[in-house]
Undergrad: 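Before anything else, here's the structure in question.
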Amino acid sequence: MIDASSVGDIRHHFCEAMSHFGFDNTLYAARFLSLPETVLHEEIEIFSNYPKEFTDALSTRRLLTDSQLSAWTVRNAGSIALQDLVERSPDDPVAVLIRGHRMQAGRVISLKDKVLRSHGAIMLNPFADATSEEAEFRWLRSHHEIGVLSWVMHMRMATILRRRSNNLLTNRQREVLEWSSAGKTVAEIATILGVTPATIEKHLRLARDALDAGNTAQAILKAHLTHQLFPEPRTENDLG
């Protein structure tokens, strides 16, 4: 897992390890903050080998965002029996989903403070209809190893995802974002730069991809806050 070069590789190795420890169902969710959370609310990254309908419900209905189960992992470090969290908030949509799939036996691990500017958690379940006693036996037998692997996995995810979202803009991408931030339309930028509107649209799309931004306004904000727009001219002292 340390040498994994993609999210898919990390998912494969981590879920395989958890299965070896007796937890056939593993879900990992995290938010990595490339900018302060008060400025930009990053999307949650999820990987899982839970049943597809279970994971799809969490992802498409965005249940984790306001869940009391998620809130526990943000406020607390360490781990807790999944059954305890479900019983504390029986009407929570995530708790209802877990009970509906008969997977309330297991463990929730908070990754609070493991990686700078991130929130993360892991949910483990042995199998559907497992008892709390079966889940606790597996946890007590291997919790040290699971804890270390969870921390390593979370750090590798942070490295890969932040590298993916911190790409620098090319000069042309920076240029079109600067003109866009000044209120110019695509057609006006095309005229200024002597290219077609389609070319401007292409550079705006590539800039959004490079900054992992959902729209051009978000890309401009990220570029500004990472000091990629309107850079100060270099002086003779800068050039040595």
Undergrad: How far apart are the closest heavy atoms of A213 and Q218, and which atoms are they?
TA: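 Distance-wise, the nearest heavy atoms are CA-OE1, 3.1 Å.
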
Undergrad: Could you work out, with ring pair (Phe, Tyr, Trp, His ring centres under 6.0 Å) as the rule, every residue matching Y28, not counting sequence neighbours?
TA: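 Expected list: F47, H154.
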
Undergrad: Among residues at least two apart in sequence or on other chains, which ones pass side-chain contact (heavy atoms from CB on, under 4.5 Å) with A207?
TA: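 So A207 forms a side-chain contact (heavy atoms from CB on, under 4.5 Å) with L169, Q173, L177.
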
Undergrad: Do I122 and M153 touch side chain to side chain, with heavy atoms closer than 4.5 Å?
TA: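 They are in contact (side-chain heavy atoms under 4.5 Å apart), so the answer is yes.
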
Undergrad: Does the pair T73 and H119 meet the rule for a side chain to side chain contact (heavy atoms under 4.5 Å, CB included), with working shown?
TA: CA-CA 8 Å; T73 67; H119 308 313; over 6 Å; no

Undergrad: One pair to check against side chain to side chain contact (heavy atoms under 4.5 Å, CB included): V74 and K112. What are the steps and the verdict?
TA: CA-CA 6 Å; V74 173; K112 177 180 171 63; 5.8 Å; no

Undergrad: Looking at every heavy atom in both S110 and A77, which two are closest together, and how far apart are they?
TA: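 Distance-wise, the nearest heavy atoms are OG-CA, 3.9 Å.
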
Undergrad: With heavy-atom distances below 4.5 Å as the criterion, would you say the side chains of L111 and S150 are in contact?
TA: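 Of all side-chain heavy-atom pairs linking S150 with L111, at least one is under 4.5 Å.
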
Undergrad: Tell me the closest heavy-atom pair linking G106 and A135, and the distance in Å.
TA: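 Distance-wise, the nearest heavy atoms are N-CB, 3.5 Å.
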
Undergrad: So, using side-chain contact (heavy atoms from CB on, under 4.5 Å) as the criterion, who are the partners of N171 when residues are at least two apart?
TA: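 Testing N171 for side-chain contact (heavy atoms from CB on, under 4.5 Å), a comparison that skips the adjacent residues, returns R174.
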
Undergrad: According to ring pair (Phe, Tyr, Trp, His ring centres under 6.0 Å), who are the partners of H12, at least two apart in sequence or on a separate chain?
TA: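 Once residues adjacent in sequence are excluded, H12 has no partner under the ring pair (Phe, Tyr, Trp, His ring centres under 6.0 Å) criterion.
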
Undergrad: For the residue pair R31 / S118, report whether a side-chain donor-acceptor contact shorter than 3.5 Å exists.
TA: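 No pair is found: no donor N or O on one side chain lies under 3.5 Å from an acceptor on the other.
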
Undergrad: Return the set of residues passing side chain to side chain donor-acceptor pair (under 3.5 Å) with T55 (not counting sequence neighbours), or none when no residue passes.
TA: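 Here the qualifying residues are S48.
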
Undergrad: Ignoring hydrogens, what is the shortest heavy-atom contact between L27 and Y50? Give both atom names and the distance.
TA: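 Smallest heavy-atom distance, with atoms named: N-CE1, 3.6 Å.
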
Undergrad: Can you list every salt bridge (charged side-chain N to carboxylate O under 4.0 Å, His left out) pair that touches residues 88-105, not counting sequence neighbours?
TA: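 Found R102-D129.
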
Undergrad: Not counting sequence neighbours, list each pair that qualifies as a salt bridge (charged side-chain N to carboxylate O under 4.0 Å, His left out) and has a residue in residues 7-18.
TA: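 Found none.
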
Undergrad: Any chance you could lay out the side chain to side chain contact (heavy atoms under 4.5 Å, CB included) test for F127 and E134, step after step, and finish with the verdict?
TA: CA-CA 10 Å; F127 49 87; E134 288 171 321; 3.6 Å; yes

Undergrad: At what distance, to the nearest 0.5 angstrom, does OG of S181 lie from CD1 of I220?
TA: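 It comes to 5.5 Å.
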
Undergrad: In a table with atom names and distances, give each donor-acceptor pair under 3.5 Å that connects a side chain of residues 78-85 to protein atoms at least two apart or in another chain.
TA:
from: S79; atom 1: OG; to: R107; atom 2: NE; distance (Å): 3.2
from: S79; atom 1: OG; to: R107; atom 2: NH2; distance (Å): 3.3
from: Q83; atom 1: NE2; to: E87; atom 2: OE2; distance (Å): 2.8

Undergrad: Does some side-chain heavy atom of L58 sit less than 4.5 Å from a side-chain heavy atom of V94?
TA: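 When only atoms from C-beta onward are counted, L58 and V94 do touch, with a gap below 4.5 Å.
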
Undergrad: T26 and C15: which non-hydrogen atoms are nearest, and at how many Å?
TA: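 Where T26 meets C15 most closely, the heavy atoms are CB-SG, 4.0 Å.
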
Undergrad: Using residues 195-205 as the side-chain source, report each donor-acceptor pair under 3.5 Å to any protein atom, sequence neighbours left out, with the distance given to one decimal.
TA:
from: T196; atom 1: OG1; to: T199; atom 2: N; distance (Å): 3.2
from: T196; atom 1: OG1; to: T199; atom 2: OG1; distance (Å): 3.0

Undergrad: Using the ring pair (Phe, Tyr, Trp, His ring centres under 6.0 Å) criterion, which residues pair with F21? Sequence neighbours excluded.
TA: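 Partners of F21 under the ring pair (Phe, Tyr, Trp, His ring centres under 6.0 Å) test: none.
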
Undergrad: With a 3.5 Å distance limit and no angle check, can you tell me whether S70 reaches the backbone of L64 through a side-chain donor-acceptor pair?
TA: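 Yes, the answer is positive, given that a donor and an acceptor are paired below the 3.5 Å cut-off.
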
Undergrad: Where is the tightest heavy-atom contact between A105 and A130, given as atom of each residue plus distance?
TA: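 Reported closest heavy-atom pair: CB-O, 3.2 Å.
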
Undergrad: Does anything in residues 87-118 pair up under ring-ring contact (aromatic ring centres under 6.0 Å, His included), and if so which pairs, sequence neighbours excluded?
TA: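 Non-adjacent pairs meeting ring-ring contact (aromatic ring centres under 6.0 Å, His included): F54-H101.
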
Undergrad: Once ring pair (Phe, Tyr, Trp, His ring centres under 6.0 Å) is applied, do any residues pair with W72, and if so which ones, sequence neighbours excluded?
TA: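 Testing W72 for ring pair (Phe, Tyr, Trp, His ring centres under 6.0 Å), a comparison that skips the adjacent residues, returns none.
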
